[in-house]
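Working notes, beginning with the structure itself.
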Amino acid sequence: MKLKLVLLITLWWSSAAALAETAGTGKQGGQPLPLEELRVFAEVFGKIKGEYVDPTDDAALLRDAIRGMLSGLDPHSAFLDPKAFKDMRMATEGKFGGLGIEVAAEGGLIKVVAPLDGTPAQRAGIRAGDIIEMLDGVPVRGMSLRDAVDKMRGPPGSEIVLTISREGQSDALDISLKRAIIQVSSVNSETLEKGFGYLRITGFQGGTGANLRAAIEKLKRRNGDPLKGLVLDLRNNPGGVLQSAVEVSDVFLDSGVIVSIRGRNADEDHHFTATSPDLTGDVPVVVLVNGGTASASEIVAGALQDHRRAIIMGTRTFGKGSVQTVVPVNSGGALKLTTARYYTPAERSIQVLGIAPDIIVEAAQPPAPGQSGRPVREADLAGHLENDNADQGRQTGSGAQAKAGLAARDYQVGEALKLLKGMSLVKLRGETAKPGSEEG
């Protein structure tokens, strides 16, 4: 038995060492391969294979060795197994084969938060609040949310049966759905006040640039008049596809460099420049950022800041100034490797440093217990005198308090809106002033 074990170790060591000997005759990246270290690797592999207390799987050991190599480089380089690679592609493309249903875990079951408009779930009559009990006859109780979502996703055209319980229905319902391509938009928009729009980008996917352009056109139609200002919310945006960051920046710029990429080799250097006219009509823009603003979202913030196209408001950003290249490998997985650094138009590297906002605005702290969160006013005092002119007491015009919306709920958005309104007013007064006139 001992002889067999020694032979096993020797065979493993000899074959790996032979591979190392062969590899050592060439060069990798202009440098000779480290022959001695490869011998040590082969020796350690053989020791684990032959002497570890439990049997080991060769493929698993080698995958772990690859992960170990990458973990020693930087936090963003990694080895993606086939499933992780597939998930990453779906995240960056913003589309997948599925049902179009937003779900959450509740009491060991899966609850429908909302069906997305125009999707198989919405067309089949799935409602918010429905409880999914089974997927293709398999009970979901005890199933993780991730596993349930994976089971609902699949090739477009394939079918799945959802067994749901619904409030007011005594019997469970079996609903058959055919999966389709689900396109998830990474851009949300709304009107804060007449003429002032809000744009939120949650991530940079393949279609983010097109989604942003469509959202701006919708805001223009909704307002009926030219926009007066825009809030671009990049808070807690972890980044994504570099090209999408370039497209988003291009929406607000009409010329100049957006970002520069510089790698280890000169042929990896690239400059991305603005190519299309400013889609917003050069209206004032405030970009909201915070510590969760990273990578591609920092590219946008840096480009608009350096070109003085927008005022950056909030807190310092994350500081990820590196670019990762994803290279598929034979196993069906991929290698995500940091290959370059990026620089803003002013040749700033934001690696570690992040983007410093032009105006620092911290997120509002919740009021202390017993406090209302706003100063006490005369109207709050018991027995206060009433205003003897009812009309005078009402606010009118553009300064009237808007109904409680996003700007009222979100302190930083509210501050951005105040700044935009001031900038718009200054711009309006500058445009209406008559050239050459003097006041007497």
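Residues: numbered from 1 along the sequence shown.
- Two residues are said to be in side-chain contact when any heavy atoms from C-beta on lie closer than 4.5 Å; E298 and T344 fail this criterion.
- Judged by distance alone, with hydrogens and angles left aside, the side-chain atoms of D278 form no donor-acceptor pair with the main-chain N or O of L253 at under 3.5 Å.
- The side-chain tip of R200 does not point at the ring of Y198 from less than 6.0 angstrom away and within 45° of straight on.
- Here the side chain of S424 pairs no donor or acceptor atom with the backbone of L420 at under 3.5 angstrom.
- In this structure, L227 CG and D282 CG are separated by 12.5 Å, a value rounded to the nearest 0.5 Å.
- Salt-bridge annotation for R262 and E347: present, with a side-chain N of the basic residue lying under 4.0 Å from a carboxylate O of the acidic one.
- Using a distance-only test at 3.5 Å, with no hydrogens or angles considered, a donor-acceptor pair links the side chain of D269 to the main chain of G263.
- The pair D136-K151 fails the salt-bridge criterion, with no side-chain N (NZ, NE, NH1 or NH2) lying under 4.0 Å from an Asp/Glu carboxylate O.
- A donor-acceptor distance shorter than 3.5 angstrom exists from the side chain of S331 to the backbone of G333, with no hydrogens or angles considered.
- In this structure, the side chain of S186 does not engage the main chain of I201 through any donor-acceptor pair within 3.5 Å.
- In this structure, the side chain of T119 engages the main chain of G100 through a donor-acceptor pair within 3.5 Å.
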Verdict with supporting geometry, D81 and R63, salt bridge (charged side-chain N to carboxylate O under 4.0 Å, His left out): CA-CA 9 Å; D81 61 30; R63 282 196 301 270; over 6 Å; no

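- Within the 4.5 Å cutoff, no side-chain heavy atoms of V289 are placed close to those of F318.
- A 4.5 Å side-chain heavy-atom check between Q243 and V248 finds every atom pair outside the cut-off.
- Side-chain atoms of S77 do not come within 3.5 Å of backbone N or O of D74 as any donor-acceptor pair.
- Looking at heavy atoms from C-beta onward, L242 lies out of side-chain contact with F204 at the 4.5 angstrom threshold.
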